[in-house]
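First the structure, in the form of C-alpha coordinates, and then the observations on it.
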Amino acid sequence: MTAAAPAPDRAELSRQIREWFAEAGRDLPWRHDDFGAWGILVSEIMLQQTPVVRVIPRLEQWLERWPTPAALAASAPGDAVRAWERLGYPRRALNLHAAATAIAEQHDNVVPEDVPTLLALPGIGDYTARAVAAFAYGHRHPVVDTNVRRVIARAVDGVGEAGPPSTKRDLAAMELLLPEERAAAQATNAAVMELGAIVCTAKKPLCEQCPVRDLCAWRTAGYPAYEGKKQVVQKKFEGSDRQVRGLILAELRASDIPVTAAEIEQVWADAAQRERALAGLLKDGLAVAEGSGYVLP
DNA sequence: AAGGCGTGGGG
DNA sequence: TCCCCAAGCCT
(Lines give C-alpha, C1' and ligand atoms only; values in the text may rest on other atoms or scores of the structure.)
Protein backbone atom coordinates (compact mmCIF):
# COMPACT_ATOMS: atom_id res chain seq x y z
CA MET A 1 0.00 0.00 0.00
CA THR A 2 1.17 3.48 -0.78
CA ALA A 3 0.14 6.48 1.24
CA ALA A 4 -2.51 8.41 -0.58
CA ALA A 5 -1.38 11.86 -1.63
CA PRO A 6 -4.02 14.55 -1.93
CA ALA A 7 -4.52 15.54 -5.55
CA PRO A 8 -3.85 19.23 -6.05
CA ASP A 9 -6.35 21.71 -7.45
CA ARG A 10 -6.13 20.86 -11.12
CA ALA A 11 -7.21 24.23 -12.45
CA GLU A 12 -4.56 25.97 -10.38
CA LEU A 13 -1.90 23.43 -11.31
CA SER A 14 -2.75 23.86 -14.98
CA ARG A 15 -2.72 27.65 -14.72
CA GLN A 16 0.65 27.76 -13.04
CA ILE A 17 2.26 25.42 -15.55
CA ARG A 18 0.90 27.59 -18.37
CA GLU A 19 2.25 30.70 -16.69
CA TRP A 20 5.68 29.14 -16.35
CA PHE A 21 5.62 27.97 -19.97
CA ALA A 22 4.81 31.44 -21.29
CA GLU A 23 7.98 32.68 -19.69
CA ALA A 24 10.35 29.71 -19.70
CA GLY A 25 9.26 27.58 -22.66
CA ARG A 26 11.87 26.99 -25.34
CA ASP A 27 11.67 28.83 -28.62
CA LEU A 28 11.40 25.79 -30.89
CA PRO A 29 10.83 26.09 -34.66
CA TRP A 30 7.52 24.24 -34.71
CA ARG A 31 6.08 26.55 -32.08
CA HIS A 32 6.15 29.55 -34.38
CA ASP A 33 2.72 30.61 -35.60
CA ASP A 34 3.62 30.37 -39.28
CA PHE A 35 5.25 26.95 -39.14
CA GLY A 36 2.36 25.19 -40.85
CA ALA A 37 0.60 21.87 -40.40
CA TRP A 38 2.95 19.97 -42.70
CA GLY A 39 5.99 21.17 -40.80
CA ILE A 40 4.36 20.25 -37.52
CA LEU A 41 3.47 16.80 -38.81
CA VAL A 42 7.03 16.19 -39.99
CA SER A 43 8.44 17.47 -36.70
CA GLU A 44 6.17 15.20 -34.66
CA ILE A 45 7.22 12.14 -36.63
CA MET A 46 10.89 13.02 -36.26
CA LEU A 47 10.44 13.63 -32.54
CA GLN A 48 9.10 10.14 -31.93
CA GLN A 49 11.90 8.76 -29.73
CA THR A 50 14.49 11.18 -31.09
CA PRO A 51 15.81 14.15 -29.06
CA VAL A 52 14.94 17.72 -30.04
CA VAL A 53 18.54 18.79 -30.68
CA ARG A 54 19.02 16.07 -33.23
CA VAL A 55 15.74 16.76 -34.97
CA ILE A 56 16.04 20.50 -35.58
CA PRO A 57 18.70 20.59 -38.33
CA ARG A 58 17.24 17.59 -40.13
CA LEU A 59 13.77 19.06 -40.02
CA GLU A 60 14.89 22.32 -41.58
CA GLN A 61 16.63 20.55 -44.45
CA TRP A 62 13.66 18.28 -44.94
CA LEU A 63 11.16 21.10 -45.25
CA GLU A 64 13.39 23.05 -47.57
CA ARG A 65 13.56 20.07 -49.89
CA TRP A 66 9.96 18.96 -49.45
CA PRO A 67 7.83 21.98 -48.50
CA THR A 68 4.54 20.15 -49.06
CA PRO A 69 3.22 16.58 -48.82
CA ALA A 70 2.93 16.45 -52.62
CA ALA A 71 6.58 17.38 -52.99
CA LEU A 72 7.61 14.47 -50.81
CA ALA A 73 5.17 12.14 -52.53
CA ALA A 74 6.80 12.99 -55.86
CA SER A 75 10.12 11.61 -54.66
CA ALA A 76 10.96 7.94 -54.29
CA PRO A 77 10.45 6.51 -50.80
CA GLY A 78 14.14 5.63 -50.76
CA ASP A 79 14.98 9.32 -51.05
CA ALA A 80 13.06 9.89 -47.84
CA VAL A 81 14.98 7.08 -46.15
CA ARG A 82 18.26 8.55 -47.38
CA ALA A 83 17.36 12.06 -46.22
CA TRP A 84 16.38 10.64 -42.84
CA GLU A 85 20.09 9.95 -42.39
CA ARG A 86 20.76 8.77 -38.87
CA LEU A 87 17.69 9.94 -36.99
CA GLY A 88 16.92 6.33 -36.15
CA TYR A 89 13.88 4.13 -36.70
CA PRO A 90 14.03 4.62 -40.49
CA ARG A 91 10.62 3.05 -40.98
CA ARG A 92 9.37 6.44 -39.84
CA ALA A 93 10.74 7.92 -43.06
CA LEU A 94 8.93 5.29 -45.07
CA ASN A 95 5.71 5.90 -43.16
CA LEU A 96 6.04 9.64 -43.57
CA HIS A 97 6.43 9.21 -47.32
CA ALA A 98 3.36 7.00 -47.40
CA ALA A 99 1.42 9.49 -45.28
CA ALA A 100 2.46 12.32 -47.60
CA THR A 101 1.28 10.30 -50.58
CA ALA A 102 -2.10 9.69 -48.95
CA ILE A 103 -2.42 13.36 -48.05
CA ALA A 104 -1.53 14.46 -51.58
CA GLU A 105 -3.83 11.98 -53.26
CA GLN A 106 -6.76 11.76 -50.90
CA HIS A 107 -6.77 15.00 -48.93
CA ASP A 108 -6.01 17.60 -51.58
CA ASN A 109 -2.47 18.03 -50.26
CA VAL A 110 -3.80 19.38 -46.95
CA VAL A 111 -2.80 17.74 -43.66
CA PRO A 112 -6.04 16.45 -42.10
CA GLU A 113 -7.18 18.15 -38.93
CA ASP A 114 -9.45 15.61 -37.30
CA VAL A 115 -8.04 12.90 -35.08
CA PRO A 116 -9.65 9.83 -36.74
CA THR A 117 -8.42 10.85 -40.19
CA LEU A 118 -4.94 11.49 -38.85
CA LEU A 119 -4.95 8.15 -37.03
CA ALA A 120 -5.64 6.39 -40.30
CA LEU A 121 -2.34 7.62 -41.75
CA PRO A 122 0.70 5.33 -41.48
CA GLY A 123 3.04 6.10 -38.60
CA ILE A 124 0.52 8.32 -36.83
CA GLY A 125 -0.73 7.01 -33.52
CA ASP A 126 -2.58 8.35 -30.49
CA TYR A 127 0.05 10.89 -29.57
CA THR A 128 0.90 12.25 -33.00
CA ALA A 129 -2.69 12.49 -34.20
CA ARG A 130 -3.69 14.65 -31.25
CA ALA A 131 -0.47 16.66 -31.35
CA VAL A 132 -1.17 17.64 -34.97
CA ALA A 133 -4.84 18.38 -34.32
CA ALA A 134 -3.97 20.48 -31.28
CA PHE A 135 -0.74 22.21 -32.28
CA ALA A 136 -1.31 22.68 -36.00
CA TYR A 137 -5.01 23.44 -35.90
CA GLY A 138 -5.76 24.54 -32.36
CA HIS A 139 -8.33 21.85 -31.70
CA ARG A 140 -9.06 21.10 -28.10
CA HIS A 141 -7.72 17.60 -27.46
CA PRO A 142 -5.61 16.19 -24.65
CA VAL A 143 -2.13 15.45 -25.96
CA VAL A 144 -0.35 12.76 -24.00
CA ASP A 145 3.25 11.74 -24.43
CA THR A 146 5.77 10.26 -22.04
CA ASN A 147 6.48 13.70 -20.50
CA VAL A 148 2.82 14.39 -19.83
CA ARG A 149 2.35 10.96 -18.29
CA ARG A 150 5.26 11.55 -15.94
CA VAL A 151 4.11 15.03 -14.88
CA ILE A 152 0.61 13.76 -14.13
CA ALA A 153 1.95 10.75 -12.27
CA ARG A 154 3.98 12.98 -10.00
CA ALA A 155 2.12 16.26 -9.65
CA VAL A 156 -1.40 14.83 -9.61
CA ASP A 157 -1.11 11.21 -8.52
CA GLY A 158 1.82 11.61 -6.18
CA VAL A 159 3.90 8.74 -7.53
CA GLY A 160 7.41 8.86 -8.93
CA GLU A 161 6.78 7.30 -12.31
CA ALA A 162 3.89 6.76 -14.66
CA GLY A 163 2.56 3.23 -14.74
CA PRO A 164 2.04 1.28 -17.94
CA PRO A 165 0.41 3.44 -20.65
CA SER A 166 -3.34 3.30 -21.04
CA THR A 167 -4.64 5.56 -23.78
CA LYS A 168 -8.09 5.88 -22.33
CA ARG A 169 -6.95 6.58 -18.79
CA ASP A 170 -4.10 8.85 -19.81
CA LEU A 171 -6.28 10.97 -22.07
CA ALA A 172 -8.90 11.29 -19.37
CA ALA A 173 -6.29 12.41 -16.85
CA MET A 174 -4.94 15.09 -19.18
CA GLU A 175 -8.43 16.19 -20.11
CA LEU A 176 -8.94 17.15 -16.46
CA LEU A 177 -6.10 19.65 -16.77
CA LEU A 178 -7.42 21.35 -19.90
CA PRO A 179 -9.28 24.63 -19.65
CA GLU A 180 -12.33 25.08 -21.87
CA GLU A 181 -10.94 27.76 -24.08
CA ARG A 182 -9.12 26.38 -27.11
CA ALA A 183 -6.01 28.52 -27.12
CA ALA A 184 -5.51 27.96 -23.39
CA ALA A 185 -6.03 24.22 -23.85
CA GLN A 186 -3.45 24.18 -26.63
CA ALA A 187 -1.00 26.07 -24.44
CA THR A 188 -1.60 23.65 -21.60
CA ASN A 189 -0.74 20.66 -23.76
CA ALA A 190 2.53 22.27 -24.81
CA ALA A 191 3.25 23.51 -21.31
CA VAL A 192 2.81 20.21 -19.48
CA MET A 193 4.90 18.46 -22.11
CA GLU A 194 7.59 21.10 -21.76
CA LEU A 195 7.63 20.84 -17.97
CA GLY A 196 8.23 17.12 -18.27
CA ALA A 197 10.94 17.66 -20.86
CA ILE A 198 13.07 20.21 -19.03
CA VAL A 199 12.11 20.23 -15.33
CA CYS A 200 10.14 17.15 -14.33
CA THR A 201 12.58 14.88 -16.11
CA ALA A 202 12.79 11.11 -15.83
CA LYS A 203 16.17 10.96 -14.18
CA LYS A 204 17.14 13.97 -12.12
CA PRO A 205 14.03 16.13 -11.85
CA LEU A 206 14.78 19.76 -10.97
CA CYS A 207 12.23 19.89 -8.19
CA GLU A 208 13.80 22.92 -6.52
CA GLN A 209 13.19 25.04 -9.61
CA CYS A 210 9.81 23.55 -10.42
CA PRO A 211 7.07 26.15 -10.90
CA VAL A 212 4.51 23.86 -9.23
CA ARG A 213 6.59 22.45 -6.40
CA ASP A 214 4.09 23.79 -3.87
CA LEU A 215 1.22 21.93 -5.50
CA CYS A 216 3.00 18.73 -6.45
CA ALA A 217 1.44 15.66 -4.84
CA TRP A 218 4.66 13.70 -5.13
CA ARG A 219 6.52 16.38 -3.21
CA THR A 220 3.72 16.65 -0.66
CA ALA A 221 3.97 12.91 -0.08
CA GLY A 222 7.72 13.16 0.49
CA TYR A 223 8.88 11.79 -2.88
CA PRO A 224 7.99 8.14 -2.25
CA ALA A 225 9.95 5.69 -4.36
CA TYR A 226 8.12 4.14 -7.28
CA GLU A 227 6.60 0.82 -6.36
CA GLY A 228 4.63 -0.01 -9.47
CA LYS A 229 5.45 -2.32 -12.30
CA LYS A 230 8.91 -1.83 -13.72
CA GLN A 231 9.28 -0.87 -17.35
CA VAL A 232 10.96 -3.47 -19.50
CA VAL A 233 14.57 -2.64 -20.09
CA GLN A 234 15.56 -2.45 -23.69
CA LYS A 235 17.91 -5.15 -24.87
CA LYS A 236 21.52 -4.27 -25.42
CA PHE A 237 22.13 -2.59 -28.75
CA GLU A 238 25.69 -3.78 -29.29
CA GLY A 239 25.52 -7.05 -31.17
CA SER A 240 21.77 -6.88 -31.64
CA ASP A 241 19.76 -7.48 -34.79
CA ARG A 242 18.90 -3.80 -34.66
CA GLN A 243 22.54 -2.90 -34.96
CA VAL A 244 22.94 -5.20 -37.95
CA ARG A 245 19.87 -3.74 -39.64
CA GLY A 246 21.30 -0.30 -39.11
CA LEU A 247 24.64 -1.26 -40.60
CA ILE A 248 23.08 -2.86 -43.67
CA LEU A 249 20.77 0.09 -44.21
CA ALA A 250 23.70 2.48 -43.93
CA GLU A 251 25.28 0.64 -46.86
CA LEU A 252 22.13 0.99 -48.93
CA ARG A 253 21.85 4.69 -48.08
CA ALA A 254 25.42 5.31 -49.12
CA SER A 255 25.12 3.66 -52.52
CA ASP A 256 23.43 4.68 -55.75
CA ILE A 257 23.78 1.22 -57.24
CA PRO A 258 22.66 -2.15 -55.88
CA VAL A 259 24.65 -3.34 -52.89
CA THR A 260 25.72 -6.93 -53.47
CA ALA A 261 25.38 -9.79 -51.05
CA ALA A 262 29.16 -9.96 -50.96
CA GLU A 263 29.32 -6.34 -49.84
CA ILE A 264 26.70 -6.94 -47.19
CA GLU A 265 28.76 -9.83 -45.87
CA GLN A 266 31.45 -7.33 -45.03
CA VAL A 267 29.30 -5.43 -42.54
CA TRP A 268 28.62 -8.34 -40.20
CA ALA A 269 30.35 -11.66 -39.75
CA ASP A 270 27.56 -13.80 -38.35
CA ALA A 271 25.68 -15.13 -41.37
CA ALA A 272 22.50 -16.17 -39.59
CA GLN A 273 22.12 -12.80 -37.94
CA ARG A 274 22.95 -11.00 -41.18
CA GLU A 275 20.31 -12.95 -43.07
CA ARG A 276 17.77 -12.29 -40.37
CA ALA A 277 18.44 -8.56 -40.48
CA LEU A 278 18.28 -8.39 -44.27
CA ALA A 279 15.07 -10.40 -44.34
CA GLY A 280 13.62 -7.99 -41.84
CA LEU A 281 14.56 -4.99 -43.93
CA LEU A 282 13.01 -6.60 -47.02
CA LYS A 283 9.86 -7.45 -45.10
CA ASP A 284 9.58 -3.88 -43.83
CA GLY A 285 10.07 -2.45 -47.31
CA LEU A 286 13.24 -0.61 -46.33
CA ALA A 287 15.21 -2.67 -48.84
CA VAL A 288 14.26 -4.27 -52.14
CA ALA A 289 16.10 -6.82 -54.27
CA GLU A 290 17.35 -5.45 -57.58
CA GLY A 291 19.48 -7.31 -60.04
CA SER A 292 22.34 -8.90 -58.16
CA GLY A 293 21.87 -6.87 -54.99
CA TYR A 294 19.71 -4.67 -52.85
CA VAL A 295 18.65 -1.03 -52.99
CA LEU A 296 16.45 1.39 -51.11
CA PRO A 297 12.81 1.36 -52.26
C1' DA B 1 0.03 -6.92 -25.27
C1' DA B 2 4.76 -7.47 -24.83
C1' DG B 3 8.47 -6.90 -27.66
C1' DG B 4 10.82 -5.19 -31.85
C1' DC B 5 12.46 -1.25 -33.97
C1' DG B 6 18.10 3.09 -34.45
C1' DT B 7 20.98 6.19 -32.78
C1' DG B 8 23.78 9.07 -29.97
C1' DG B 9 24.59 11.72 -25.72
C1' DG B 10 25.00 12.05 -20.72
C1' DG B 11 25.67 10.37 -15.96
C1' DT C 1 32.25 1.22 -19.06
C1' DC C 2 27.77 0.54 -19.36
C1' DC C 3 23.18 1.76 -18.72
C1' DC C 4 19.46 4.83 -19.38
C1' DC C 5 16.78 7.24 -22.16
C1' DA C 6 14.75 10.67 -25.99
C1' DA C 7 7.50 14.48 -28.23
C1' DG C 8 5.91 6.31 -30.24
C1' DC C 9 4.13 3.08 -33.51
C1' DC C 10 2.95 -1.37 -34.98
C1' DT C 11 1.92 -6.23 -34.65
Side-chain angles (χ1 to χ4, degrees), chain A residues 21 25-26 28-31 39-59 81 84-96 98-99 118-136 141-151 161-168 170-171 174 186 189-198 200-205 226 229-253 267 273 276-277 279-281 283-287:
Chain A
F21 178 66
R26 293 168 294 179
L28 299 171
W30 44 89
R31 289 181 179 159
I40 289 178
L41 173 56
V42 175
S43 75
E44 293 297 348
I45 302 291
M46 288 185 170
L47 287 163
Q48 291 168 4
Q49 303 282 280
T50 302
V52 165
V53 290
R54 221 181 303 167
V55 163
I56 290 175
R58 184 73 43 249
L59 175 65
V81 174
W84 199 255
E85 297 192 354
R86 305 183 66 78
L87 278 183
Y89 293 137
R91 56 175 56 163
R92 290 183 294 167
L94 219 46
N95 284 149
L96 181 52
L118 286 161
L119 278 173
L121 295 171
I124 296 188
D126 290 314
Y127 163 74
T128 305
R130 288 175 179 81
V132 170
F135 299 141
H141 292 292
V143 178
V144 176
D145 73 335
T146 183
N147 292 306
V148 169
R149 283 168 24 76
R150 185 171 55 249
V151 169
E161 297 177 29
S166 157
T167 300
K168 191 175 174 182
D170 295 341
L171 289 174
M174 184 57 185
Q186 181 190 44
N189 281 315
V192 175
M193 210 180 299
E194 185 78 344
L195 187 68
I198 69 181
C200 193
T201 53
K203 286 199 274 188
K204 294 195 161 191
Y226 179 67
K229 210 170 148 190
K230 283 199 343 193
Q231 345 273 8
V232 273
V233 283
Q234 196 173 306
K235 279 199 297 189
K236 196 166 73 169
F237 179 69
E238 195 66 30
S240 67
D241 285 5
R242 296 160 79 151
Q243 181 182 24
V244 182
R245 282 174 58 112
L247 290 171
I248 294 173
L249 198 61
E251 291 294 315
L252 302 191
R253 264 200 243 98
V267 310
Q273 196 174 17
R276 205 160 56 230
L281 290 171
K283 178 174 182 297
D284 291 345
L286 284 164

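Just so we're on the same page: letters track the sequence lines, and every chain starts at 1.
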key: Pair D241(A) + R245(A): basic N to acidic O under 4.0 Å   = no

Between OH of Y89(A) and P of dG4(B) the distance, given in whole Å, is 11 Å

Considering only heavy atoms from C-beta outward, does the side chain of N95(A) approach that of I45(A) to under 4.5 Å? no

Q: Look at all strands and tell whether R26(A) reaches a base, only sugar-phosphate, or nothing, counting heavy atoms closer than 4.0 Å.
A: base

Looking across every strand, which nucleic acid part, if any, lies under 4.0 Å from T128(A) by heavy atom: base, sugar-phosphate, or nothing? sugar-phosphate

Practice problem: Determine the contact category for L87(A): base if any of its heavy atoms lies under 4.0 Å from a base atom, sugar-phosphate if only primed atoms, P, OP1 or OP2 are that close, otherwise nothing. | Solution: base

Touch check for W30(A), heavy atoms < 4.0 angstrom, all strands: base, sugar-phosphate only, or nothing?
-> base

Between the base of dG6(B) and the side chain of T50(A), is one N or O donor paired with an acceptor at under 3.5 angstrom? yes

For a quick check of understanding: with a heavy-atom distance under 4.0 Å over all strands, which category does P90(A) fall into, base, sugar-phosphate or nothing? sugar-phosphate

Among the nucleotides dT7(B), dC3(C), dA6(C), whichever has the atom closest to the side chain of R150(A) is dA6(C)

Could you check whether N95(A) gets within reach of a base, just the sugar-phosphate, or nothing at all, counting any heavy atom under 4.0 Å?
nothing

Considering only atom P, compute the distance from dA7(C) to dG4(B) and round it to an integer number of Å.
22 Å

What's the gap between dA6(C) and dA1(B) when it is taken at their P atoms, as a whole Å value? 25 Å

Picking from dA7(C), dG8(C), dG4(B), the nucleotide nearest the side-chain atoms of L28(A) would be dA7(C)

**Message:** Can you check the distance between dG3(B) and dC4(C), where both ends of the measurement are the P atom (answer in whole Å)?
**Reply:** 16 Å

Q.
Applying a 4.0 Å non-hydrogen cut-off, can you work out what P122(A) is touching in the nucleic acid: base, sugar-phosphate, or nothing?
A. sugar-phosphate

Would you indicate what R242(A) reaches in the nucleic acid, counting non-hydrogen atoms under 4.0 angstrom: base, sugar-phosphate, or nothing?
-> base

- Item | Base of dT7(B) paired with side chain of R54(A) (donor-acceptor, under 3.5 Å) | yes

